There are 2 protein chains.
Amino acid sequence: MSTSPTVPRPGAVVSMDDVARAAGVSTATVSRALRGMTSVSAATRERIEAVARRLGYVASPSAASLASGRTRTIGLLTPWVDRWFYAHAIDGAERALREVGFDALLYTFDLSRDQSRPRVDPSVLRRRVDGILVVGMPLSKEEVTSLEALDLPLAFIGTGRDDHVTVRLDDDAAGRCATEHLLGLGHRRIGHITGPAGVDHSWSPPVARHAAWRVALEDACVAAEPGWAVDGAFDVNGGREAAHRLLDTHPEITALFAASDEMAMGAVLAARERGLDVPGQLSVIGIDGHDLGELVGLTTVAQDPARQGAEAARLLLADIALWATPGAERVSGALQVLHATHLVTRSSTASPRKT
Amino acid sequence: MSTSPTVPRPGAVVSMDDVARAAGVSTATVSRALRGMTSVSAATRERIEAVARRLGYVASPSAASLASGRTRTIGLLTPWVDRWFYAHAIDGAERALREVGFDALLYTFDLSRDQSRPRVDPSVLRRRVDGILVVGMPLSKEEVTSLEALDLPLAFIGTGRDDHVTVRLDDDAAGRCATEHLLGLGHRRIGHITGPAGVDHSWSPPVARHAAWRVALEDACVAAEPGWAVDGAFDVNGGREAAHRLLDTHPEITALFAASDEMAMGAVLAARERGLDVPGQLSVIGIDGHDLGELVGLTTVAQDPARQGAEAARLLLADIALWATPGAERVSGALQVLHATHLVTRSSTASPRKT
DNA sequence: CTGTTAGCGCCTTCAA
DNA sequence: TTGAAGGCGCTAACAG
């Protein structure tokens with residue numbers, strides 16, 4: 001007994017013609033039946049489905065795309081897949097897409113390349129995808145413009161201008177939450193480790209978190225000194241170096257708010273290297289809810305990037321459905337979805353030691 | 001001055017016909033010229049390329065696939081994209097593919113589903129990809145068989161039977177290296193945290209590392225007790241719980257070798273929770289070279305999953321080229337590439353405390 | 001070196 | 001509810 005006794009010639013590619021012939025109908029009817037269109041009698045549909053299953057028929061995506069103009073594929077544009085936020089966002093988006101039979105095409109590109117010319121050439125996406133999901137990527141105005149020129153539905157995760165469908169965390173609330181947590185513990189001299197602003201400052205998470213830190217301090221009647229905020233490059237080593245720089249120049253700091261958990265972890269390492277007790281002599285808080293934050297007992301403002309990825313994917317699919325509907329037009333402006341965050345208190349924050 | 005003054009009607013899709021007409025040649029010549037085939041005169045090629053560029057022509061992948069039978073797309077089959085090894089391997093593979101103009105199609109699937117039926121239905125990949133890259137995935141024999149039935153080039157990263165193209169680290173050497181590091185420090189009672197073996201035990205990294213641990217101990221004339229090896233589920237919490245179980249039942253253990261860094265980090269957490277000093281009372285070593293291992297000073301046997309991903313991608317592409325060549329047949333058996341690892345010594349391992 | 005001629009496999013009007 | 005027919009945009013024989 002062979003593995004698949006029902007398939008006539010194993011290895012032979014079964015086409016829609018084969019199914020039509022075996023079911024005694026036309027290919028048009030097979031096409032309609034297999035796509036669940038209503039204008040097929042129940043009996044015919046069942047017969048066709050049975051035959052298709054028996055023959056192991058799988059439609060050719062190329063042929064379907066060529067004929068219909070739709071690819072059932074989404075392009076996932078991202079600078080990295082191997083960083084915490086990106087990996088989780090991509091994972092969430094891919095699963096949401098697969099649930100409805102859409103494919104996810106991965107497009108990474110080097111952020112480190114020469115800033116002067118665009119790093120994203122979206123023309124390769126033309127006719128290849130039905131929509132584009134931009135994952136946490138600081139694009140320049142020109143790059144966004146070139147994406148828009150593709151005339152495809154577009155959605156952003158984690159970052160994005162407000163004239164596009166965007167799913168992100170509430171950076172303002174998250175930044176305030178972190179800063180106010182430290183203020184609530186009694187800290188006043190609170191440093192901030194931020195990240196590169198990206199090319200377009202108007203829609204950058206680090207910029208928003210930085211601003212939230214400043215506002216929260218002002219609301220508490222604390223005047224932040226210019227040197228209290230330093231760049232940490234959004235990774236562990238950057239955070240570590242930033243913390244060192246900050247503590248070198250401003251030893252009066254008693255607490256640090258880092259714009260990401262990885263930078264916060266770097267700050268914890270820096271504190272250890274300086275022989276500072278965390279949280280005794282230095283409190284540290286981050287943003288993310290990184291799985292490994294627990295390793296250093298990191299207090300953080302947690303988000304869920306996988307959920308953001310999944311929601312952005314669904315919004316994009318809805319937008320694609322709209323574009324496909326002749327009369328329909330989006331009435332309101334582009335959707336902005338802000339995901340809530342929540343404070344996770346561990347052992348890296350405490351009241352400042354009485355001096 | 002508009003953004004793209006050279007494109008006749010922005011938004012209009014330029015087809016090969018348009019290019020052919022504008023260049024005064026047939027579509028066949030355009031096709032040949034743009035694909036770099038030799039049988040086109042230099043003058044004609046340049047003219048066609050100039051016209052294509054001016055019109056902003058981009059070939060339709062669907063039409064090309066339909067006509068040629070090739071998709072220039074690779075399917076990346078993986079259980080997760082949001083775990084350290086997988087994210088890095090996928091990143092490496094995607095970049096290697098993009099370098100040569102291949103697309104990466106992401107296919108995740110739930111490992112947690114019912115074990116009794118296959119979790120991978122590869123039929124959706126039929127006619128959609130030119131080859132399949134399986135990323136660190138414990139597939140059952142049946143699942144591998146169904147993949148093979150697609151009759152597509154196949155390559156495995158991190159795990160895979162020896163009758164397939166496989167890129168992985170040298171699990172045996174890595175396991176010995178870790179164990180011998182501990183032995184060399186003077187440890188004798190060395191526990192092991194392993195991971196789920198997967199469905200097919202014959203090609204599983206945790207099984208190989210487990211075996212290497214046992215052999216290394218035997219070579220050092222240490223008789224490992226059965227209870228010295230426990231399952232840690234390959235994540236932080238699993239590692240933590242495993243370490244607790246192990247230390248509950250075998251307090252004589254002075255060192256732990258975990259089959260992954262995440263489990264090793266969990267073991268460090270467990271040690272802290274038990275008030276054990278690392279490395280004073282318990283040494284811990286892992287395998288991976290995880291970016292965040294430094295947070296707990298983890299000594300580890302480091303690998304480079306991105307490089308493995310890139311190499312597997314290139315081998316797969318070579319295999320695809322072979323399949324496309326009529327006469328060619330692979331002479332030797334399937335290629336096995338073992339990547340070397342190297343010991344990274346940090347502060348989680350030391351000589352056992354004299355008692 | 002270049003053009004002509006068939007398809008690739010499916011979708012989608014238009015008729016029946 | 002079904003069928004016939006044309007075409008989506010490109011590639012690949014085969015001529016010339």
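Given the structure is predicted, the values throughout are model-derived calculations rather than measurements. Just so it is clear: chains get the letters A, B, ... in the order the sequence lines come, proteins before strands, and each one is counted from 1.
Of all heavy-atom pairs spanning R127(A) and S62(B), the tightest one is O-OG, 4.2 Å.
dT1(D) atom P lies 12 Å from atom CE of M37(A), rounded to whole Å. The distance from atom CZ of R72(B) to atom C1' of dG9(D) is 17 Å, rounded to the nearest whole Å. When the C1' atom of dG3(C) is taken as reference, atom CZ of R21(B) falls 16 Å away, rounded to whole Å. To the nearest angstrom, P of dT2(C) lies 12 Å from CD of E46(B). With rounding to whole Å, L66(B) atom CG is found 18 Å from dA6(C) atom P. Rounded to a whole Å, the CG atom of D17(A) is 13 Å from the C1' atom of dG7(C).
Among the protein residues, V25(B) comes within range of the sugar-phosphate backbone only, with heavy atoms under 4.0 Å from sugar or phosphate atoms but none that close to a base. Across all strands, S39(A) comes closer than 4.0 Å to base atoms (heavy-atom distances). Counting non-hydrogen atoms under 4.0 angstrom, S68(A) reaches the backbone sugars and phosphates but no base. Across all strands shown, A28(A) has heavy atoms under 4.0 Å from base atoms, whether or not it also approaches the sugar-phosphate. T44(A) comes within 4.0 angstrom of the backbone, heavy atoms only, and of no base.
The shortest distance between the side-chain N/O atoms of S31(A) and the OP1/OP2 oxygens of dT12(C) is not below 4.0 Å. OP1 or OP2 of dT2(D) sits under 4.0 Å from a side-chain N or O of S41(A). Contact check, R32(B) against dT11(D): no side-chain N or O comes under 4.0 Å of OP1 or OP2. The shortest distance between the side-chain N/O atoms of R127(B) and the OP1/OP2 oxygens of dC10(C) is below 4.0 Å. Of the side-chain N and O atoms in S26(B), one or more sit less than 4.0 angstrom from OP1 or OP2 of dG3(C). Side-chain nitrogen and oxygen atoms of R70(A) include at least one within less than 4.0 Å of the OP1 or OP2 phosphate oxygen of dT12(C).
Counting only distance, with no hydrogens or angles, the side chain of Q336(B) and the backbone of H164(B) share a donor-acceptor pair below 3.5 Å. Between the S31(A) side chain and the T27(A) main chain, no donor and acceptor come within less than 3.5 Å of each other. At distances below 3.5 Å, at least one donor-acceptor pair connects side-chain atoms of Y86(A) with backbone N or O atoms of G136(A). For S41(A) (side chain) and T44(A) (main-chain N/O), a donor-acceptor pair under 3.5 Å exists by modelled atom type.
Listed nucleotides dG9(D), dC10(C), dT2(C) differ in distance to A67(B); the shortest reach to its side chain belongs to dG9(D). In this structure, of dC8(C), dC8(D), dC10(D), it is dC10(D) that holds the atom nearest to the side chain of M16(B). When distances run from any side-chain atom of S60(A) to the nucleotides dT11(D), dC10(C), dG9(D), the shortest one goes to dC10(C). Proximity note for V40(B) (side chain, C-beta onward) versus dC11(C), dT2(C), dT2(D): the nearest is dT2(C). When distances run from any side-chain atom of R35(A) to the nucleotides dT12(C), dC10(C), dC10(D), the shortest one goes to dT12(C).
For the pair G24(B) and A63(B), both in contact range of DNA chain C, the more 5′-proximal nearest nucleotide belongs to G24(B).
Side-chain polar atoms of S123(A) and D121(A) form a donor-acceptor pair below 3.5 angstrom.
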